[in-house]
Amino acid sequence: MLSGGAGDPAGTRATMARAEESPLIGQPLNRVDGPLKVTGRATYAYEQWEAGPPLYGFILGATIGRGRITRIDTARAERLPGVRLVMTHHNAPPQGTRDESTFLEFPRAFTALANPEIHFHGEPVALAVATTFEQARAAAGLIDVTYAVGPGRYDFAARLDHARTPKKMKIGLAADTAVGDFDAGFDAADVTIDQHYTTPFCSAQPMEPHACLAVPRGEDLIVHTGIQIVDMARTSIAGTLRMDERRIHVVSPYIGGGFGSKLRVHYETILAAIAARVLDRPVKIALTRQQTFPLVGMRPTSHQRVRLGSGRDGRLVAIAHDVTMSTNPDVEYAEQTGVTTRSLYAAPHRATSHRLTALDLPRGEDVRAPGHAPGLMAVEAAMDELAHELSMDPVELRIRNEPELDPERGVPFSDRHLVDCLREGERRFGWKRRPMKPATLREGRRLIGYGVAAAIRPHPQWATRVRVRLEADGTAVVQSDMTDMGTGTYTTLTQVAADGLGLPPERVRVELGRSEFPVSGGSGASWGAGNSSTAVHRACAALRDELLAAACGDTRSPLYGRDPATAVLADGGVRAGGVSVPLGEIVGLVRPGGEGLAAEGGTRPMAEEPNYAAYSINTYGAHFAEVGVDADTGEIRLRRMLGVFSAGRVLNAKTARSQLLGGMIWGLGMALEEAVAVDVRSGALVNRDLAQYLVPVHADVPEIDAVILEGFDEKANPLGVKGLGELGICGAGAAVGNAVFNATGVRVRDFPITLEKLLPGLPPQE
Amino acid sequence: MRPFTYERATDARAAVAAVSRPGAKFISGGTNLLDLMKLEIERPDHLVDISRLPLAAIEDPPDGGLRIGAQAVNSQVAADARVRTGYPVLAEALVAGASGQLRNMASVGGNLLQRTRCPYFYDTGAGCNKRAPGSGCDAIGGVNRTHAILGASDSCIATHPSDMAVAMTALEARIELLGADRSVRTVAVGDFYRLPGDTPHIETVLRPDEMITAVVLPPPPPGGQLYRKVRDRASYEFAVVSVAAVVSTDEGTSTGGGPGTIADARVVFGGVAHKPWRSFAAEDSLRDRPATMTTYRAAAEAALADAVGRGGNDFKIELARRTLCRTLAEAAEAAGDAQRRGGRSGRDEGDHGTR
């Protein structure tokens with residue numbers, strides 16, 4: 001899987017040296033938690049069974065989009081057998097308020113049933129708790145709610161003119177940026193592209209619906225839930241329930257996918273926690289698949305204007321990316337969609353902007369690769385349009401605009417291999433077979449087209465702590481509140497710890513997802529792997545120093561007197577000069593009480609890391625797609641797809657490839673299928689299940705591959721690792737859309753590209 | 001899901017007797033009914049399981065044709081050699097109709113009776129005259145990309161989701177019904193479904209105490225057969241538009257070959273109406289006309305002459321025309337090939353099973 005792109009001898013030597021030090025990192029080790037998962041022994045939140053049979057809660061959602069509850073009658077529901085509690089805004093306990101001053105959204109309070117106001121269709125208006133799930137659901141159905149319907153804003157296109165500058169962009173980003181003089185540069189350009197692109201509301205839809213079991217224990221509360229960032233969930237629950245954070249214990253060892261929708265807690269967790277405290281009983285709530293559409297946030301819809309000005313040679317002189325997205329008015333969410341172009345291509349004159357228009361729809365939240373996923377749909381389509389306008393190969397156009405420095409910040413890139421990705425992909429894919437002129441390649445009734453798009457995604461870092469303890473028996477235990485949402489954390493941290501301590505992987509046990517463990521940044525923003533592997537590496541280095549010092553310095557050690565600089569940890573022991581002593585023996589010397597030897601390791605937030613100020617640290621990729629379009633009906637089917645990626649060093653070739661393939665397939669869905677449909681009369685989301693909200697099925701993906709270029713980003717962290725969880729989706733949809741244009745000559749700028757948008761441009765039937 | 005009682009019927013007559021009690025419903029594969037019960041769109045008090053009744057045989061009646069038991073599962077019918085050679089349009093529709101897992105569960109009778117996938121029918125908070133008579137139709141003026149363009153009413157613009165029923169309509173199948181009074185009657189599949197009118201909740205002519213026992217196919221029609229399903233993804237999705245076509249041709253008499261003449265044709269659309277939509281106007285316009293795109297286009301114009309778009313589904317009118325034209329062209333070609341070989345033909349066998 002790992003394959004060299006640009007070969008340089010020095011790099012190869014460094015790679016070989018690293019391979020000797022860390023034989024496991026990079027290997028396609030099978031998931032260490034795989035057997036548990038395939039045999040049903042990995043216990044997910046809803047399957048937890050603690051402290052006896054729980055009560056079951058069922059959430060009733062509003063059937064209006066905006067307004068207020070004028071009357072809510074729970075009498076019939078309360079009389080139903082088994083019903084223990086019907087909670088509405090009348091009897092819900094007071095809750096903390098959302099503190100918008102925190103840097104991230106995820107630790108903020110999240111209130112439910114706080115008042116009679118309805119802010120979006122499907123918002124919880126009541127919770128029924130009963131002995132069985134069926135009773136709870138039946139009770140919820142017997143609650144009579146009368147609403148005063150208010151005027152709601154649901155139609156994005158109709159509200160574009162009402163867009164405003166965000167109060168605050170996410171993670172401290174600037175809403176608007178400008179370099180040079182865009183207008184002058186654009187006006188003077190030989191060739192210009194000025195187009196609008198739209199992307200729809202999208203939903204994360206992990207396989208595991210959102211669920212929580214909350215168990216009160218005295219003054220404490222145990223919260224089993226699938227969550228990406230354990231510590232921030234704890235803070236959010238504590239802030240909402242006005243509890244001491246230390247009294248809350250979040251348990252999240254296994255997560256069936258998150259994709260952003262489990263970055264923060266939502267209604268099921270808050271309401272389960274509140275009900276458990278009120279009733280002093282364990283309470284379990286799962287959202288139905290239908291409820292997950294409005295209740296866990298969605299990617300807002302976007303309108304993106306992209307302007308490119310270039311010379312006849314394809315060199316960009318001006319690039320502007322102006323984004324308008326929707327936001328819920330009460331919980332502002334400004335997706336960083338325009339940020340996409342800030343580090344992508346060179347051009348002396350540039351500008352980006354973000355505007356928001358308020359819609360009374362479910363709140364916007366992060367969905368895989370926020371910002372770059374929708375942003376690249378637009379800017380990489382625009383680059384394809386420019387290549388077409390110039391009659392230039394779109395791969396060459398991109399290479400021609402490769403910047404030497406980050407074009408907005410003026411700092412060097414840490415380790416940029418976009419051109420290598422494009423070149424390697426071009427070669428492997430057989431790109432030269434692409435017809436330059438659209439709609440000219442046919443196979444029977446199918447119009448065939450090729451498309452390419454670039455990928456870029458920042459590699460961020462956040463504070464993370466882990467603890468590694470060597471037991472007296474020479475096994476290692478890694479502990480962190482870091483999470484594995486199917487991404488492979490258990491496996492990659494096993495590999496890093498095994499290499500760091502010279503142990504075989506079966507003598508490493510990784511324990512994750514509990515708030516008692518050292519605090520991590522969790523999984524999100526593609527930072528989980530980089531943060532946690534670096535922290536484990538550092539903890540192991542600290543242990544190694546201590547072990548080697550003891551092995552060579554303790555008079556009782558068989559290695560006493562040897563130079564620690566010549567000693568290594570290998571094969572489960574400390575080895576020096578041909579003599580090896582089992583690790584457990586050295587641990588016993590240092591900790592004779594049998595409690596083992598522990599060390600912590602960590603990372604700091606990127607704001608405190610000088611490299612993040614001095615360098616532009618990103619991951620890169622190039623997507624290539626071939627589609628066939630039915631010349632009669634406009635049905636688009638992928639024929640094959642290839643992604644070539646550069647993300648520094650890879651921890652596990654198998655789990656990394658799986659992540660990238662998943663992202664690429666999602667990108668295919670963004671291009672052709674995925675859209676939450678809003679009924680603009682009511683604000684209801686219309687297609688609220690996976691039969692109606694289309695994502696690719698197996699038959700849509702006949703041939704796909706992801707190739708990762710060998711690499712090591714020494715500016716990122718000591719392991720040279722960068723996150724790639726979100727990289728696969730970045731640009732993938734644009735490559736598919738560009739292939740559709742190449743096949744048909746029809747440019748669809750309103751995603752997804754469904755067949756009716758191609759129909760008017762299809763050739764006449766013969 | 002609401003509480004309900006369940007019984008497994010021991011024989012056909014007992015089943016019909018059991019279902020005549022108020023609130024009772026048949027269940028077979030449950031691939032649609034259980035989903036609807038979980039969402040509380042269907043709320044039966046009592047289920048009569050007929051899946052194990054001895055009604056799964058596919059038999060050769062003495063006068064030719066094929067008698068398919070109502071409890072035969074879709075995968076069994078699709079794989080049957082007699083169906084594949086004599087009625088390829090049916091095999092193609094079944095294979096296109098569902099995933100392998102669903103085909104293994106879904107019965108022929110249940111497939112005929114599946115409910116619409118209109119999203120407003122599925123949303124118990126929305127107005128839907130089919131789900132809750134008198135509550136209005138939120139699909140009109142709403143999100144209606146998938147909805148009907150033919151035969152709809154101001155009460156309902158839902159479509160019938162079955163692929164199989166579209167092929168059976170083209171094959172002029174008859175549905176055999178057993179009544180509580182032990183009476184047996186047969187209804188042509190073309191007469192089985194109702195248009196929505198102002199009672200969209202009544203979808204067929206099936207009486208409350210009747211059970212489908214079999215579908216009887218007449219002897220295979222001459223010519224080529226094709227089922228073409230247009231959909232938004234390659235599998236696990238209902239038809240945006242589908243066409244079942246049966247076309248027979250007379251070879252051109254001139255030595256140069258040239259296009260033959262359409263001797264006879266049957267044209268049925270899926271995904272466009274409250275029922276499989278057979279277009280006799282299209283069939284009339286095809287008969288004795290040269291097998292050319294001009295002829296097909298004229299047939300398509302005739303078939304869609306009364307079509308009405310509702311906004312989101314306007315495109316389906318032209319899509320249906322184009323799909324019909326191509327399907328007719330391919331079916332005529334298959335008919336010509338078959339004639340030369342002296343048999344019937346649809347698509348190549350190798351094309352099955354991948355959809």
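Keep in mind that the numbers below use all heavy atoms, side chains included, and drop hydrogens, waters and symmetry copies. Chain A is the first sequence line, chain B the second, and so forth, proteins listed ahead of strands; every chain is numbered from 1. Since the structure is predicted, the reported quantities are computational estimates derived from the model, not experimental observations.
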Subject >> Over all atoms of both residues, closest heavy-atom pair of B:Tyr122 and A:Asp689 >> reply: CD2-OD2, 4.3 Å
Original post:
If you look at every heavy atom in B:Met293 and A:Glu766, which pair is closest and at what distance?
Top reply: CE-O, 3.3 Å
Subject >> Reported CZ-to-NZ distance for the pair B:Phe315 and A:Lys757, which is rounded to 0.5 angstrom >> reply: 10.5 Å
**OP:** Enter the distance from B:Asp314:CG to A:Leu759:CG here, rounded to the nearest 0.5 Å.
**Re:** 12.0 Å
Subject >> A:Glu756 and B:Val240, any side-chain heavy atoms less than 4.5 Å apart >> reply: no
**OP:** Applying side-chain contact (heavy atoms from CB on, under 4.5 Å), run through A:Glu673 and B:Glu237 and close with a yes or a no.
**Re:** CA-CA 11 Å; A:Glu673 296 172 3; B:Glu237 176 60 335; over 6 Å; no
Original post:
Would you say the side-chain atoms of B:Arg2 pair up with the backbone N or O of A:Ala138, donor to acceptor, closer than 3.5 Å?
Top reply: no
**OP:** Examine whether an atom of A:Leu685 lies under 4.5 Å from a heavy atom of chain B, and if so say whether it belongs to the side chain, the backbone or both; otherwise answer neither.
**Re:** neither
**OP:** Of all the heavy-atom pairs spanning A:Asp679 and B:Gly142, show the shortest one and how long it is.
**Re:** OD2-CA, 4.1 Å
**OP:** Go through the atoms of B:Asp138 and report whether side chain, backbone, both or neither lie under 4.5 Å from a heavy atom of chain A.
**Re:** both
**OP:** For atom CZ of B:Arg289, decide whether the heavy atoms of other residues, nucleotides or ligands shown that lie under 6.0 angstrom number more than 12.
**Re:** no
Original post:
For B:Glu330 and A:Arg445, which heavy atoms make the closest approach, and how far apart are they?
Top reply: OE2-CG, 4.2 Å
**OP:** Answer yes or no: is there a side-chain heavy-atom contact under 4.5 Å between A:Asp632 and B:Arg228?
**Re:** no
Original post:
Below 4.5 Å, heavy atoms only, C-beta onward: do B:Leu39 and A:Gln290 meet side chain to side chain?
Top reply: yes
**OP:** Name the option with the most non-hydrogen atom pairs under 4.5 Å to chain B; the candidates are A:Thr63, A:Thr288, A:Val686.
**Re:** A:Val686
Original post:
Taking all atoms of both residues into account, what is the closest heavy-atom pair of B:Val230 and A:Thr633, and its distance?
Top reply: CG2-CG2, 3.6 Å
**OP:** Name the region of A:Glu635, side chain, backbone, both or neither, that has any atom closer than 4.5 Å to a heavy atom of chain B.
**Re:** side chain
Original post:
Is A:Gln765 reaching over with its side chain to a backbone N or O of B:Arg322, donor-acceptor style, under 3.5 angstrom?
Top reply: yes
**OP:** Side chain from CB out, backbone as N, CA, C, O: work out which of these in B:Arg145 comes under 4.5 Å of a heavy atom of chain A, or both, or neither.
**Re:** side chain
Original post:
Is chain A contacted by the side chain of B:Phe238, its backbone, both, or neither, given a heavy-atom distance below 4.5 Å?
Top reply: neither
**OP:** Select, from B:Ala126, B:Gly125, B:Gly141, the one with the greatest count of heavy-atom pairs under 4.5 Å involving chain A.
**Re:** B:Gly141
Original post:
Given a strict heavy-atom distance threshold of 4.5 Å, which part of A:Val680 is in contact with chain B: side chain, backbone, both, or neither?
Top reply: neither
Original post:
Considering only heavy atoms from C-beta outward, does the side chain of A:Gln692 approach that of B:Thr146 to under 4.5 Å?
Top reply: no
Original post:
Of all heavy-atom pairs between B:Ile140 and A:Arg681, which one has the smallest distance, and what is that distance?
Top reply: O-NH1, 2.9 Å
Original post:
Where the side chain of A:Asp700 meets the backbone of B:Ala234, is there a donor-acceptor pair that is under 3.5 Å apart?
Top reply: yes
